[in-house]
Amino acid sequence: MPYGQAPALLAGEPVAPLGAHPLLLLLLQVGVLLALALLLGRLAERWGMPAVVGELMVGVLLGPSLLEWAAPALTGWLFPKDAGQFHLLDAFSQIGLLLLVGVTGTQLHLGLIRREGRTALQVSAGGLVVPLALGIGVAFLLPAELVPGDVGRGVFAFFLGVAMCVSALPVIAKTLSDMGLLHRTMGQLIMTAGTIDDTVAWFLLSMVTALATTGLTVGHAALAFASLLAFLLLAATVGRAVAGAVLRGTARSADPGSAVAAVVVMMLLSAAAAHALKQEPMFGAFVCGLVISSTGQLTPERLAALRTVVLRVFAPVFFAAAGLRMDLTGLADPRVLGAAFLLLFVAVLGKFLGAYAGARLSRLTRWQALALGAGMNARGVVEVVIAMAGLRLGVLTTETYTIIVLIAVVTSLMAPPVLAMAMKRIEETPEERVREKAYG
């Protein structure tokens, strides 16, 4: 019987517990990833970068890009190519992702979002349209060898455009938190515009999926849009009423643990609801965080314990695990490397130009516009997830998958230093200092 495959169960027979060896590997994987993520995260901070930079590099070092090539026997034992074993680590990581994005949503200042909503929309629109158009255009310039033979160039171009226009909400959230910028107005605008970008990008991805499989129809597009609106409507009405009632109930307890548990339950169920409606689960968790914030029933102090566990345990493991599927050895091919440089240039240029233009149209200063462009330029694991979807759909070759992964890593590493440089030139306001005291 293949490794990790359980025997068929008879009717009424209880499910066997997780095997001893898979459990051992899971414990070792989480322990090793967390330890190295904390170590490299601390080193990144010493070099003036956010911890997330070091955390992202852990998976790259332990995966096929380095350790699998240098010590294949060790990698094959610790990270076996077994779907069941990998999915155990994926499940742990996904919980961390959902809680990270959800907790970030609770820290957004809704009054500021309403006041600066037009600015966020303009920045988001620029950050979507420009890289989407450039990505589609450059796709027609790439060699035929980088396009799967059974995929039309138009479908490939549409997919590449979507990959160019995403922002990585989890990476943005962790970067802003590491840099102490989440309370700043620019940090709030980056999160809001990034959320809009990712929401539209996931919607566009569903369109590409339909094109690559059954063919896109008006009915499919209408259904996808209707499910998005239905989720937002339910969250703003039923979800807000339920969240308010639950949080009022937990407020009667002096133990903050009841509030933490309730928040985790709501975030996970909201993610599940979004997934059931064919939306991205982390979008559901983020909306849940916004809904919780809108009730005014939860103080930052009661969520302090959850933030600590998420930011110091779950999130580092998630970012470290994300790199385990990255194989950068394919860049040894000069043809692939040349295309990688071209696409990286287009990705960075498109996101910066689009976000910068949207910010300047909103009469923000050039340093504020540069900060918004830098923050939204981080693609991170969201682009990796999209690349994996493209590989699964047959829209990408192994080489183009590797290129998109490279863009995800490089743009995530670029964002912090450029963001730090711009934010040093933006004076902190009294309102921002009040928010900093509230959220620490």
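Computed from a prediction, not measured in an experiment: that's the story for all the values here. We count residues from 1, following the sequence as given. Only heavy atoms go into these numbers, but all of them, side chains included; no hydrogens, no water, no symmetry mates.
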Asker: Starting at CD of E55, measure out to CG of L38 and round the result to the nearest 0.5 Å.
Answerer: 7.5 Å

Asker: Please table the atom pairs, donor to acceptor, closer than 3.5 Å between any side-chain atom in residues 227-234 and protein atoms at least two apart or in another chain.
Answerer:
| unit_1 | atom_1 | unit_2 | atom_2 | d |
| --- | --- | --- | --- | --- |
| S227 | OG | A224 | O | 2.8 |
| S227 | OG | L277 | O | 3.1 |
| S227 | OG | Q279 | NE2 | 2.8 |

Asker: Look only at the side chain of T250 and the backbone of L247, and say whether a donor-acceptor pair between them is shorter than 3.5 Å.
Answerer: yes

Asker: Mark yes or no for whether R379, through its side chain, and M164, through its backbone, hold a donor-acceptor pair below 3.5 Å.
Answerer: yes

Asker: Answer yes or no: is there a side-chain heavy-atom contact under 4.5 Å between L370 and F352?
Answerer: yes

Asker: Quick one: does T402's side chain have a donor or acceptor within less than 3.5 Å of a partner on T398's backbone?
Answerer: yes

Asker: Apply side-chain hydrogen bond (donor to acceptor under 3.5 Å, both in side chains) to T400 and list each qualifying residue two or more places apart in sequence or on a separate chain.
Answerer: T397

Asker: With sequence neighbours excluded, what pairs up with R42 under the salt bridge (charged side-chain N to carboxylate O under 4.0 Å, His left out) test?
Answerer: E45

Asker: What distance do T175 atom OG1 and L181 atom CG have between them, rounded to the nearest 0.5 Å?
Answerer: 9.5 Å

Asker: What's the separation between atom CG in L78 and atom CG in L67, rounded to the nearest 0.5 Å?
Answerer: 8.0 Å

Asker: Tell me whether R302 contacts the main-chain N or O of A259 through its side chain, where contact means a donor paired with an acceptor under 3.5 Å.
Answerer: no

Asker: Please lay out, stage by stage, how L99 and V264 fare under the test side-chain contact (heavy atoms from CB on, under 4.5 Å).
Answerer: CA-CA 7 Å; L99 293 180; V264 170; 4.1 Å; yes

Asker: Sequence neighbours left out, what passes ring-ring contact (aromatic ring centres under 6.0 Å, His included) with F86? Give chain and number order.
Answerer: none

Asker: Please report the interatomic distance CG(L419) to CE(M179), rounded to the nearest 0.5 Å.
Answerer: 4.5 Å

Asker: Do side-chain atoms of Q368 reach the backbone of M186 as a donor and acceptor pair under 3.5 angstrom?
Answerer: no

Asker: With E432, which residues qualify under side chain to side chain contact (heavy atoms under 4.5 Å, CB included), at least two apart?
Answerer: H183, R184, T185, E428, T429, R435

Asker: Among residues at least two apart in sequence or on other chains, which ones pass salt bridge (charged side-chain N to carboxylate O under 4.0 Å, His left out) with K81?
Answerer: E68

Asker: For residues Y356 and V130, determine if any side-chain heavy atom of one lies less than 4.5 Å from a side-chain heavy atom of the other.
Answerer: no

Asker: Taking only residues two or more places apart in sequence or in another chain, which ones pass side chain to side chain contact (heavy atoms under 4.5 Å, CB included) with V265?
Answerer: L269

Asker: Within the 4.5 Å heavy-atom criterion, are L396 and F159 side-chain neighbours or not?
Answerer: yes

Asker: Could you tell me whether the side chain of L40 reaches within less than 4.5 Å of the side chain of L61, counting heavy atoms only?
Answerer: yes

Asker: State, with a plain yes or no, whether a side-chain heavy atom of L33 is found less than 4.5 Å away from one of L89.
Answerer: yes

Asker: Spell out, as yes or no, whether a donor-acceptor pair under 3.5 Å connects the side chain of S270 to the backbone of G284.
Answerer: yes

Asker: Does the pair F318 and I95 meet the rule for a side-chain contact (heavy atoms from CB on, under 4.5 Å), with working shown?
Answerer: CA-CA 9 Å; F318 166 73; I95 297 296; over 6 Å; no

Asker: Excluding sequence neighbours, so at least two apart, what forms side chain to side chain contact (heavy atoms under 4.5 Å, CB included) with A235?
Answerer: V287, V291

Asker: Quick one: which of V263, V309, L306 gives a side chain to side chain contact (heavy atoms under 4.5 Å, CB included) with V103?
Answerer: L306

Asker: Side-chain contact test, heavy atoms from C-beta onward, threshold under 4.5 Å: evaluate it for L100 versus L311 and give yes or no.
Answerer: yes

Asker: Between S253 (side chain only) and D255 (backbone N and O only), is there a donor and an acceptor less than 3.5 Å apart?
Answerer: yes

Asker: Applying side-chain contact (heavy atoms from CB on, under 4.5 Å) to T195 and L290, what does each step give before you reach the verdict?
Answerer: CA-CA 11 Å; T195 302; L290 288 177; 5.7 Å; no

Asker: Going by the rule ring-ring contact (aromatic ring centres under 6.0 Å, His included), which residues pair with Y401 if we only count those two or more places apart in sequence or in a different chain?
Answerer: none

Asker: Applying side-chain hydrogen bond (donor to acceptor under 3.5 Å, both in side chains), can you list everything that pairs with D197, at least two apart in sequence or on another chain?
Answerer: S124, K351

Asker: Residues two or more places apart in sequence or in another chain: which of them pass side-chain hydrogen bond (donor to acceptor under 3.5 Å, both in side chains) with S93?
Answerer: none

Asker: Do L97 and Q94 make a side-chain contact, defined as non-hydrogen atoms from C-beta onward lying under 4.5 Å apart?
Answerer: yes

Asker: Going by the rule side chain to side chain contact (heavy atoms under 4.5 Å, CB included), which residues pair with L121 if we only count those two or more places apart in sequence or in a different chain?
Answerer: I196

Asker: Between T106 and M267, is the side-chain contact (heavy atoms from CB on, under 4.5 Å) condition met? List the steps.
Answerer: CA-CA 11 Å; T106 67; M267 287 177 180; 3.8 Å; yes

Asker: Looking at side-chain heavy atoms only, is the closest gap between W367 and M421 below 4.5 Å?
Answerer: yes

Asker: Counting distance only, does the side-chain N/O of Q122 pair as donor-acceptor with the main-chain N or O of A359 below 3.5 Å?
Answerer: no

